[in-house]
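Here's the structure we're looking at; comments come further down.
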Amino acid sequence: AVGVLVRTAVEGVVSALEVALDGGPQVPLSAVEVLDEVERRRVLSEWAGVAAAEAEVSTLPELFEAQVVRSPQAPAVVSGGVELSYAELDARANRLARLLVGRGVGPESVVAVALERGVESVVALLAVVKAGGAYLPVDPGYPVERIAFMLADAVPVAVVTSRAVAGVIPGEVPAVVLDEPSVVEELAGLSGAPLGVGVLPSHPAYVIYTSGSTGRPKGVVVEHRSVAGLLGWAGVEFGGGDFARVLVSTSFNFDVSVFELFGPLVSGGCVEVVKDLLALADPDAVVGEVSLVSGVPSAFAQVVAGGSLAVEPGVVVLAGEALTADTVAGIRAVLPGVRVANIYGPTEATVYATAWFAGEDEVGAVVPIGRPVAGTRAFVLDGRLRPVPVGVAGELYLAGSGLARGYLGRAGLSAERFVASPYGTGERLYRTGDVVRWNARGEVEYLGRADEQVKIRGFRIEPGEVQSVIAAHSGVAQAA
Ligand code: AMP
Ligand code: MG
């Protein structure tokens, strides 16, 4: 079998060389089309994936409210000894949404949510989108300078917070302090019935900040249609029982939390919100029979290194950084028979863009990031936006309903990364900066970055941002 693969690869090189020579000495090499029709069609349409049907377009409140109707009494969220059913969660979110509408929140406005992890934070995120706003997650554990930057940049209409964490919020942002007696009283007087705010699929659902190479973090604006597309795929992939009880361990500042929270909440599952992934190994931290856990491979590797877990999820979803065969083996050692997924996606393409599921057998040296998820299309292109042959490294470009609107208030930067596609009418491509290749099975393999961006335990960091901050110090002349 190896002989056949090698022969096929060699034949490919030889035929590309023939094509190149056929062009004659006047033709620049860059103008030579090395893919034949069959391979071109394979990488640009068969493997690239299909565009989403318009019928799937929806919004987060609409999807959640449909589930409330289907299973009002089922448990929806559990945390810190509190459990809410779908109907209770919905009513509480509706009350807070009414209060927010009264403070001027509506479509195209941003509302920061700075709360400790727990039931209340889930109520708040839902309330913001029900009021028509886009939520800006503010993890109170982030450095105060970073929090201040995000709030100054996104200019939220309000911040939903609590007395315990309000101290990290700069005074100029109007605050709704949930446990202040006046707010408690106001909420109690509001109706828990649905609001009927006209939220459109093209309205933003959230704004999530990520590191910026020029020294300024950038807010990625993601619309409801993109979230709905992601959740549609997730429901098909995990809705059959995997979402029954999901451990929500990811900071809301990362978009993986969108998958963890809303995947189950639009398909009848229950989310258990815990502090972080270390809860996996702590019998006192988790109360339910967890069916699915997701997290960053390096964080997982650390937790499973302890040798045993307090939970037995049937599915482990790994995302956010390259997955190694060693990490997969380590997880299988403590969770025999577990289904392992390697999922890839930048914030700019709404959580997940490609997915790969490990079979029963041993995992090879390179763990693929797999095939495009429903509604997403993936292209491996060279510097002139032309497809590269199978097995050849190129940059990954993404298209489809998952593409974010762009960076908040940064039209120039958005235009640099979201470019016109030569392969679809009026479509945009997001330039990921990830270097990948197609393998012979039509799966994408991740090879590294085309720029300097790094991931440290899932944190996306542009060294340029660090560099520019250090260089701004009065005692520093230059930084590298
Ligand atoms: P973020 O926007 O924080 O999700 O970071 C996106 C970046 O993380 C991607 O552009 C990749 O460089 C990296 N990444 C995410 N998931 C994976 C994965 N499964 N394998 C390798 N790299 C990944
Ligand atoms: Mg991601």
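What you see is a predicted model, and the numbers here were worked out from it, not measured in a lab. Heads up: numbering here begins at 1 and tracks the sequence. Just follow the structure's listing: the first ligand is 1, and inside any ligand the first atom is 1. Keep in mind that the numbers below use all heavy atoms, side chains included, and drop hydrogens, waters and symmetry copies.
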Does a side-chain N-to-carboxylate-O contact under 4.0 Å join Lys130 and Glu65? yes
Between the side chains of Ser249 and Asp276, is a donor N or O closer than 3.5 angstrom to an acceptor N or O? no
Close-contact set for ligand 1 against Gly345 heavy atoms, below 4.0 Å: 4 (O), 6 (C), 16 (N)
Would you call Thr210 a ligand 1 contact, heavy-atom distance under 4.0 Å? no
Where on Glu321 is there a heavy atom closer than 4.0 Å to ligand 1, on the side chain, on the backbone, on both, or on neither? backbone
Closest to atom 22 (N) of ligand 1 among Pro297, Ala322, Ser211, Gly433 (heavy-atom distance): Ala322
Lys/Arg-Asp/Glu bridge criterion (N-O < 4.0 Å) met for Arg410, Glu348: no
Proximity winner for atom 3 (O) of ligand 1, if only heavy atoms of Arg449, Gln453, Lys455, Glu445 are counted: Lys455
Would you call the rings of Trp233 and Tyr352 parallel, tilted or perpendicular, where under 30° means parallel and over 60° means perpendicular? perpendicular
If we number the atoms of ligand 1 from 1 as shown, the ones under 4.0 Å from a heavy atom of Ile343 are 16 (N), 18 (C), 19 (N)
Would you mind listing which atoms of ligand 1 come within a distance below 4.0 Å of any non-hydrogen atom of Gly320? 8 (O), 13 (C), 14 (N), 15 (C), 16 (N), 17 (C), 23 (C)
Report the part of Tyr344 in contact with ligand 1, treating N, CA, C, O as backbone and CB onward as side chain, heavy atoms under 4.0 Å; options are side chain, backbone, both, neither. both
At less than 4.0 angstrom from any non-hydrogen atom of Thr347, what atoms of ligand 1 do you find? 1 (P), 2 (O), 3 (O), 4 (O)
Taking the minimum heavy-atom distance to atom 6 (C) of ligand 1, which of Gly448, Pro346, Ala353, Ala355 ranks first? Pro346
As an exercise, identify every atom of ligand 1 less than 4.0 angstrom from a heavy atom of Asn342. 19 (N)
Close-contact set for ligand 1 against Arg460 heavy atoms, below 4.0 Å: 1 (P), 2 (O), 3 (O), 5 (O)
Within less than 2.8 Å of the Mg ion (ligand 2), any N, O or S from Val256? no
